[in-house]
Amino acid sequence: PPGLEFPWGPKPFSEVVAGPLLRNNGQTLDSNALEGSHVGVYFSAHWCPPCRSLTRVLVESYRKIKEAGQKFEILFVSADRSEDSFKQYFSEMPWVAVPYADEARRSRLNRLYGIQGIPTLIVLDSKGDVITRQGRVEVLNDVECREFPWHPKPVLELTDSNAVQLNEGPCLVLFVDSEDDGESEAAKQLIQPIAEKIIAKYKAKEEEAPLLFFVAGE
C-alpha cells in the first residue's frame, strides 16, 4: 500500500533474495553467498505430504551434485503455518532458507515466480536466470543427477511424473500407437525440428516458448 516498490516491475532474483539466509544450525550468511552457483529455489511446507516425499529425494540429489564438484545451492522458501513447523522441517535440510520471520521476502519470491502450488523447485543458472520451472519432475526422473542442471529438452516423453505440465499452458502431444522405442523415436525426430525452431525464436526475444512438445505412447 505505501508504494515502496513502485513501479512494481519484475526484479532480478539477486535483488528479491537480498538479505540474510539461515542454515539449520542457526548460522546465518548473506545472500551474496549464492552468487556464481546454480540455485534451486524450493517452495515447500511440512504439512504437505508430496513436499516431504520430494525433500527426501532432493536431499540425496543435493549431496550427489555437490559431491560431483558442481556449484549448487538450494534455497528453501517456506509455506509452513508456524515457525515451529518451519524449524522442524528445515532441520531435515542441508541447504539454506529465507528466515521464516521474513514474510515479505518469502512473499516477494512467491510473486516473482508466480507460485501456484507446492512443492515447486525452480532451477536458476549462475546469473539468476531460470533454467527450468520443472525441477520437481527433473529430480524425480533423474535420480542420479546425470542431466543436472536440467536444461529443458525440446521434446519430452509424456510420463506420469511430467504430465503435470499439461496443466500449465498449451501443449502439442503426438500420440504413437506403440510402445516400440523405434516408433517413439521416429515421432520425436518428426517434431523436434519444429520445437527447436519455435524455442529458438522465443529465446532470441528472451521469452519462454508458448508451447510444450510431447510424444506419448500407450
Side-chain angles (χ1 to χ4, degrees), residues 13 38-45 48-65 68 70 72 74-77 79 95 109-110 112-125 129-203 206-218:
F13 169 72
H38 286 87
V39 177
V41 189
Y42 184 37
F43 299 86
S44 185
C48 153
C51 294
R52 295 200 302 275
S53 300
L54 181 61
T55 297
R56 285 192 287 275
V57 178
L58 196 51
V59 166
E60 290 308 308
S61 300
Y62 177 77
R63 289 194 175 124
K64 282 173 186 160
I65 293 165
Q70 302 263 22
F72 180 51
I74 293 177
L75 174 67
F76 172 41
V77 183
W95 44 74
L109 284 160
N110 273 275
L112 178 63
Y113 297 114
I115 301 304
Q116 301 290 326
I118 55 173
T120 295
L121 178 66
I122 312 268
V123 182
L124 310 178
D125 66 16
D129 296 325
V130 174
I131 292 175
T132 179
R133 299 178 61 87
Q134 303 299 330
R136 174 190 185 183
V137 172
E138 298 293 354
V139 164
L140 295 175
N141 282 350
D142 181 27
V143 176
E144 294 304 316
C145 306
R146 290 194 180 101
E147 296 184 14
F148 175 82
W150 304 301
H151 287 281
K153 297 183 182 73
V155 182
L156 296 168
E157 196 96 25
L158 190 62
T159 63
D160 288 345
S161 59
N162 67 21
V164 65
Q165 290 173 259
L166 297 175
N167 298 321
E168 294 181 7
C171 299
L172 184 147
V173 185
L174 178 55
F175 289 92
V176 293
D177 60 1
S178 164
E179 289 292 329
D180 176 26
D181 278 351
E183 187 148 352
S184 155
E185 197 49 46
K188 244 185 222 175
Q189 285 173 15
L190 184 68
I191 56 174
Q192 181 117 351
I194 304 164
E196 285 173 348
K197 188 175 175 182
I198 289 173
I199 289 165
K201 177 182 165 186
Y202 280 85
K203 193 172 183 181
E206 297 188 347
E207 294 176 13
E208 276 190 39
L211 194 59
L212 293 173
F213 295 84
F214 292 93
V215 168
E218 291 176 12

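What's counted below: heavy atoms across the whole structure, side chains too, no hydrogens, waters or symmetry copies. Model, not experiment: these values are computed from the prediction.
Atom-to-atom distance recorded for W150:CH2 and H38:NE2 is 10.0 Å, nearest 0.5 angstrom. Here the CD1 atom belonging to I198 is positioned 15.5 Å from the NZ atom belonging to K203, to the nearest 0.5 angstrom. Rounding to the nearest 0.5 Å gives a distance of 5.5 Å between CG of L172 and CZ of F213.
Surrounding CD of E207 are more than 12 heavy atoms belonging to other residues, nucleotides or ligands, all under 6.0 Å away. Open room surrounds CG on D160; 12 or fewer heavy atoms of other groups in view lie less than 6.0 Å from it.
Between the side chains of S184 and E157, at least one donor N or O sits under 3.5 Å from an acceptor N or O.
No side-chain donor-acceptor contact under 3.5 Å links N162 to the backbone of V137. No donor-acceptor pair closer than 3.5 Å links the side chain of T120 to the backbone N or O of Q116.
Aromatic ring orientation, F13 versus Y113: tilted (interplanar angle from 30° to 60°).
Test V77, V130, L109, I131 against I122 for side-chain contact (heavy atoms from CB on, under 4.5 Å) and you get one pass: V130.
For the pair P149 and V123, the tightest heavy-atom approach, listed with the atom from each and the gap, is O-CG1, 3.9 Å. Shown here for Q165 and C171, the closest heavy-atom pair between the two residues is O-SG, 3.9 Å.
D177 is not listed as a side-chain neighbour of F175, based on a closest heavy-atom distance of 4.5 Å or more.
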Residue pair T55, Y42: steps toward the side-chain hydrogen bond (donor to acceptor under 3.5 Å, both in side chains) verdict: CA-CA 9 Å; T55 297; Y42 184 37; 2.7 Å; yes

Step-by-step side-chain contact (heavy atoms from CB on, under 4.5 Å) determination, L121 to V41: CA-CA 6 Å; L121 178 66; V41 189; over 6 Å; no

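Between W95 and Y62, the distance separating the two ring centers is shorter than 6.0 angstrom.
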